[in-house]
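In listed order, ligands and their atoms are each counted from 1.
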Amino acid sequence: MTITNRRVIFEKRPEGWVSEDCFRVEDAPVPELGDGDVLVRNIYMSVDPYMRGRMNDEKSYTAGFALGKVMQCGAVGEIAESRNPKFEAGQIVTGMLNWETHTVVPGGAGIVRIDPALAPLPYFLGILGMPGFTAWYGLLKIGEPKAGETVYVSAASGAVGQVVGQIAKLKGCRVVGSAGDDAKCKWCVEGCGFDACFNYKTVDSVEDALKQHCPHGIDIYFENVGGRMLDAVLTRLNPFSRIALCGMISQYNLKQPEGIHNVRSLLVNKVKLQGFIISDHFDLQPEFMRDVGGWLKDGKLTYRVDVADGIDNAPKAFIGMLKGENFGKQVVKLGDDPYQA
Ligand SMILES: NC(=O)c1ccc[n+]([C@@H]2O[C@H](COP(=O)([O-])OP(=O)(O)OC[C@H]3O[C@@H](n4cnc5c(N)ncnc54)[C@H](OP(=O)(O)O)[C@@H]3O)[C@@H](O)[C@H]2O)c1
């Protein structure tokens with residue numbers, strides 16, 4: 001049987017905001033497998049903020065996407081065909097695959113088997129995947145939370161933020177979040193157990209909201225947003241506080257980044273500010289899986305995913321996520337999920 005692969009090609013570099021004409025969706029035949037190759041039928045693909053950086057033609061921590069080629073992404077799929085003794089048809093795998101319905105993986109390199117009994121498949125792109133690992137690492141290894149401390153996390157209901165807040169609660173912290181929507185804030189408090197969460201788009205001033213919700217100051221800031229949010233947080237930091245600089249999504253689509261004014265706070269409060277890229281820390285993945293996999297199994301963590309339907313909607317889902325239209329971890333469903341409840 002001939003299989004058609006539907007895929008998304010990186011068509012045009014964005015200047016400022018990404019638009020749908022940066023992408024082209026097309027059909028292509030699936031090439032013949034060579035010895036050692038594996039064909040994966042992708043079931044879910046992830047859209048992530050870092051992809052915006054890879055659309056630029058500039059030096060960064062990882063290579064940019066090549067124009068005219070299919071884009072890469074984390075995905076979960078089922079082995080459709082294998083010419084590799086390590087994989088069998090029907091097994092579920094995850095790894096860096098592509099924005100497409102079917103990926104040929106040369107030599108089976110870079111994919112790993114996962115146990116679908118552990119969690120719903122989209123979780124392997126979220127809480128049990130890169131975003132969950134990022135949350136765990138940034139909070140525990142950089143933030144080093146102690147019971148009673150105040151943790152503030154921006155983009156709190158997102159793929160990373162919701163995990164940060166819940167782990168911080170498990171560590172006995174007071175947890176405050178912010179998000180760009182009242183329903184997201186409500187869910188952070190009622191669904192994830194945050195002590196408070198405010199809508200940064202509707203409060204009169206983020207500085208005042210932080211004063212109100214962090215009356216004893218901020219000991220750990222898990223930074224997802226950057227720009228004016230970071231400037232406001234700098235006014236509220238405690239001595240010896242820590243900033244895990246995970247991301248700066250408010251800046252990714254700007255032609256000119258915003259300036260930060262309150263930098264003196266880092267000096268007078270003797271703050272530790274550390275940026276990190278999670279791909280540098282794969283050696284810690286077993287520890288992460290033990291912790292977060294264990295908490296999830298014990299019912300101590302919850303996770304929210306937002307599923308868009310079909311490869312044709314992947315560009316829209318990606319752009320929507322950058323604008324805050326996602327509620328939870330944004331994934332795109334590409335094909336039948338045999339484990340969906
Ligand atoms: N360092 C690493 O290795 C690493 C790994 C993964 C992710 N990250 C970073 O972590 C951050 C969160 O990523 P994620 O995957 O969890 O995404 P996400 O939070 O699921 O989705 C992005 C969210 O960012 C918020 N946002 C967008 N524009 C904003 C703005 N101008 N101001 C404030 N919030 C804005 C939106 O939520 P609202 O509705 O709340 O505005 C949107 O839903 C990103 O900065 C990302 O680059 C870093």
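No side-chain donor-acceptor contact under 3.5 Å links Arg304 to the backbone of Thr302. Between the side chain of Arg83 and the backbone N or O of Asp37 there is no donor-acceptor pair closer than 3.5 Å.
Between Lys333 and Asp309 there is no salt bridge, since none of the side-chain N atoms of the basic residue sits less than 4.0 Å from a carboxylate O of the acidic one. One finds no salt bridge joining Arg236 and Asp208 here, because no Lys/Arg side-chain nitrogen approaches an Asp/Glu carboxylate oxygen to under 4.0 Å.
Residues Met45 and Val76 have side chains not in contact (no heavy-atom distance under 4.5 Å, counting atoms from C-beta outward).
Under 3.5 Å, the side chains of Gln274 and Arg242 contain no donor-acceptor pair of N or O atoms.
For ligand 1, the 4.0 Å heavy-atom shell contains residues Pro49, Met130, Thr134, Ala155, Gly158, Ala159, Val160, Ala179, Gly180, Lys184, Tyr200, Asn224, Val225, Cys246, Gly247, Met248, Ile249, Ser250, Tyr252, Phe276, Ile277, Ile278, Met321, Leu322, Gly324, Asn326.
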